[in-house]
Protein chains: 2
Amino acid sequence: MTETAPRPTLEAVAARAGVSRATASRVVNGGDGVREPLVERVRRAVDELGYVPNQAARSLVTKRHDAVAVVVAEPETRVFADPFFALQLRGISKELTAHDNQLVLLLTEGRDDHARVGRYLAGGHVDGALVFSLHLDDPLPGLIRRAGIPTVFGGRPGWSDGDGGDVVYVDSDNRGGARDAVRHLVALGRTRVAHITGPLDQTSAADRLDGYRDVMADADPRLVVPGDFTPAGGERAMRELLDHRPDVDAVFAANDLTAAGALRVLREHGRRVPEDVAVIGFDDMLPVAEQTDPPLTTVRQDIEEMGRLMARLLLRGPDGPHPGEQAPRSGVVLPTTLVRRASA
Amino acid sequence: MTETAPRPTLEAVAARAGVSRATASRVVNGGDGVREPLVERVRRAVDELGYVPNQAARSLVTKRHDAVAVVVAEPETRVFADPFFALQLRGISKELTAHDNQLVLLLTEGRDDHARVGRYLAGGHVDGALVFSLHLDDPLPGLIRRAGIPTVFGGRPGWSDGDGGDVVYVDSDNRGGARDAVRHLVALGRTRVAHITGPLDQTSAADRLDGYRDVMADADPRLVVPGDFTPAGGERAMRELLDHRPDVDAVFAANDLTAAGALRVLREHGRRVPEDVAVIGFDDMLPVAEQTDPPLTTVRQDIEEMGRLMARLLLRGPDGPHPGEQAPRSGVVLPTTLVRRASA
DNA sequence: GTGAAAGCGCTAACAA
DNA sequence: TTGTTAGCGCTTTCAC
C-alpha cells in the first residue's frame, strides 16, 4: 500500500487564508461566530487546497468518531443466504449516511472473534454499536454490554436483562403477524391449521409460534412441527405433517423459505394449493415469495425500515440530533402486514 | 450517546509497569528489543488495566489506519437481492480480520453519494479500497482513482485504463465457465443451444456471452435473447425463445435466477427438463440452484474466495505482509467449475 | 536496551 | 470576534 501525497493541514489553510488555526477550525466546523468575510476566505482556501480534516486528529481531542459498528454474529451461513440482513444493512447505511456517520462492519465467526469484537468495541473506535444477535445463548450481548458503549439490538434479545430491561432493540411484530396469518387461514374456513416453526432459540421463531398458539390454543400438538427456516427443513416438516395428520388443510410456515419447501412437498404429494392445503409464509422475501408456485401469501415486515430505525435510535442519544428527546429504554416493535397472493 | 468511562492510557500502563511510555509502546507493538522481564511486566499491566491502544492517537502519528473501505455501488436493489455480494463480503471480512484490519462499508445510492465517497476516500480514513463497480458508465472508478488510494476492483472493470491497464481486479472466469457450460450442452447432443444474456453493460454478462459465442460461433442470432439477471427477465426471454425458435433444445442462462425463470416458463409450456430442453445456469447460488425443479446444473464460482483474494491483494502492498512480493498490476481470474445436477 | 522529548493535526479553553 | 496555547494518546528519533 503506497503512501499517498501529504495532504494539506488546517495550518496550511489558516496560512493561506491569513487567519489563525483556531479560526480556520471554527469555519471548518460550521463557522459560527466568525465574521462573514473571514468565513469566505477560509472556505476558499479549503477549496483551493482540497483540504479534508484529519479524522484521527479530530477524534483524538473530541473523543467522538462519527462511526458506528454493526456487529453480526454469523454462526451459520444462513444469515447471509437470505436478503434479510442485507436489507437491514441498507436501511442502517442510509440513516448513518444522513448523519455523516461511517459504518464499520464486524462479522464474527466464532469464539475468537468474540474476543476481538469485544476488544474493538471497548477500544473506543466507534460511538455505538448495532448488534444482530440471533441466539439465546449468544455470548456477544454480554461482551458488548461490558464494553459499555451505546447499543441497539436488531430483534428482541433472547435473554432478559438482570437489572430490568434497559435494552434497546428494534423488532417486528412477529407474534401479531403470526396471529394475522393464522386468523386469515381460519377465516378461509380451514380447521386443521398446522405450523412449521423456526429454530425456537431465536425469539422471532418463538414469537411466531406464540402467535399461532394465540389463535389455535387447543390444536392437536401434532399440528406443530419443528423447522429451521430453511427449505429443506420445510420439506422435512411437511412430510412429517402429511404423515401424522394427512387431513391437514392449512399450513402457516415460520418463514418464506420454509413455506417454499412445504409447497414442494405438497405438490409432490398431489395436494393442490390452496384448494386442498392453504399455505402462508412470513417475511415477504420477494425473490422467494413471488417465485414460488403458486406465489406465496405471506406476512410482510419492513426490513429496511427496521435498519433505519436502529440507526436512528442509536444516534439519538444525549449528543444526538435531538438532545431533549430520549431514546426509548426498551424495545420498539414495527407492525407487519399480510400480503395476499395465491397460496392462501 | 453517553460518554463512556475514561480508558487507561499507555501512560498508565507504563506507570504500573514501572517503565517509560516508550518501552510500554514497544511491548504493545510486538516487544522487539525489550528485555524479557520488562516485556512480562508491561504485558501484565496491560491485562490488569484492560488497556486497549487508542487507534486515533496511533493513526495520527503512523498515518496508517488498519482499515479498508468496501465500496458498493448499488443502483439497483438487485445487488442485494442475491447472496452474491454477501458472500464476497464474508471472504473480505475474514481476510481483513486475519490481518487486523477493519472493514468500513460504504454503500452508495446515487450521485450525491459519489461525492461523499470520493471525499471519504481522499480524506485518508482508510488505507485502501475494495470496489464493486457494476456498470460501464459508473463514475465511481474515476473518483476513486483520483482519490489516489490503493484499490482493488471486484469484477473486471468495464472501462479500459488510459495509461495501460494498471488496474487491479479479481474476477472469475466468466468466459471460460460459459464455454464449459455450452460445450456440455453440445456434448449432450443438443444442437439448438440458446443463450439468455445478462445486462450487457456488465462485464460478467458480456464475458458469458462471449463464451457462448466461442462455442456456438454460427448459431442463429435468434437463439441469443437478452435477459437482466432476474427471474422475470428469464421468463420473458424464454417466452421469446419459444416463440421464435420452438425447436430450441438447450438453454444456457446467464445466471441461476434467469435459469429459474426460464424453467418456470418451460414447465408452463409442457416442455420437460432436461428431456426436451436442457438448462444450465451460472453462479451456483445454492438457495436457487438446489431448489429449482429440477435442480439446476450450473457453473460454480468461488465467490467467498474472490473476496478473500481481493483483500489479500490490497493488503499486499509495499507495507503489507509481503513487502518483496509485488501486487499484480492487473487482473486475477479465478477458475469456475461445472456442477451437474438434473437440469442438463 | 531504555528513557526523554518532540510532534502527528486538531479542538477548546482562555485571553486579548 | 479572533488569536494563543495547551493538550488529546501515541510513536519515534535520539541520547544515554
Side-chain angles (χ1 to χ4, degrees), chain A residues 3-43 45-46 49-67 100 119 122-127 319, chain B residues 3-43 45-46 49-67 100 122-125 127 319:
Chain A
E3 210 48 69
T4 45
R7 303 185 303 104
T9 70
L10 191 57
E11 183 78 54
V13 172
R16 181 166 194 118
V19 300
S20 73
R21 230 166 52 228
T23 296
S25 173
R26 289 182 187 112
V27 172
V28 168
N29 292 289
D32 298 343
V34 178
R35 246 190 285 271
E36 192 47 45
L38 284 196
V39 172
E40 198 42 54
R41 261 158 59 198
V42 173
R43 291 248 158 87
V46 165
L49 263 34
Y51 169 77
V52 184
N54 179 319
Q55 185 62 40
R58 179 180 279 174
S59 290
L60 188 54
V61 35
T62 60
K63 274 133 174 42
R64 304 185 64 255
H65 303 85
D66 296 324
D100 262 309
R119 227 179 308 122
H125 304 253
V126 292
D127 301 321
D319 304 336
Chain B
E3 211 46 71
T4 45
R7 302 182 309 100
T9 70
L10 190 58
E11 182 78 56
V13 172
R16 183 166 191 117
V19 299
S20 73
R21 228 165 56 226
T23 297
S25 173
R26 290 182 186 113
V27 173
V28 168
N29 292 289
D32 297 343
V34 178
R35 247 190 285 272
E36 191 48 45
L38 284 198
V39 172
E40 197 42 53
R41 261 157 62 199
V42 173
R43 290 248 159 87
V46 165
L49 263 35
Y51 169 77
V52 184
N54 179 320
Q55 185 62 39
R58 177 179 281 175
S59 290
L60 188 54
V61 34
T62 60
K63 274 134 176 42
R64 303 186 64 255
H65 303 84
D66 297 323
D100 262 308
H125 304 254
D127 302 321
D319 304 338

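None of these values were measured; they are calculated from a predicted model. Letters A, B, ... mirror the listed sequences (proteins, then strands); counts begin at 1.
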Nucleotide by nucleotide, 5' to 3', does protein get under 4.0 Å of the base (B), only the sugar-phosphate (S), or neither (-) in nucleotides 2-12 of chain C, counting heavy atoms? BBB-B-BBBBB
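- Listed by chain and number, the residues in a salt bridge (charged side-chain N to carboxylate O under 4.0 Å, His left out) with B:E40 amount to none (sequence neighbours excluded).
- Between A:N54 and B:L60, the closest side-chain pair of non-hydrogen atoms falls below 4.5 Å.
- Between chain B and DNA chain D, the heavy-atom contact criterion of under 4.0 Å yields a 5' to 3' nucleotide range of D:dG9 to D:dT13.
- Not a single salt bridge (charged side-chain N to carboxylate O under 4.0 Å, His left out) links B:R41 to another residue, sequence neighbours left out.
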Determine all donor-acceptor pairs shorter than 3.5 Å in which one atom belongs to a side chain in residues 23-33 of chain A; sequence neighbours excluded.
| from | atom 1 | to | atom 2 | distance (Å) |
| --- | --- | --- | --- | --- |
| A:T23 | OG1 | A:S20 | OG | 3.4 |
| A:S25 | OG | A:N29 | ND2 | 3.4 |
| A:N29 | OD1 | A:R58 | NH2 | 3.2 |
| A:N29 | ND2 | A:S25 | O | 2.8 |

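- For A:H65, there are no ring pair (Phe, Tyr, Trp, His ring centres under 6.0 Å) partners two or more places apart in sequence or in a different chain.
- Taking CD of A:E11 as the start and OH of A:Y51 as the end, the distance is 10.5 Å to the nearest 0.5 Å.
- Looking only at side-chain heavy atoms (C-beta outward), A:D66 and A:Q55 come within less than 4.5 Å of each other.
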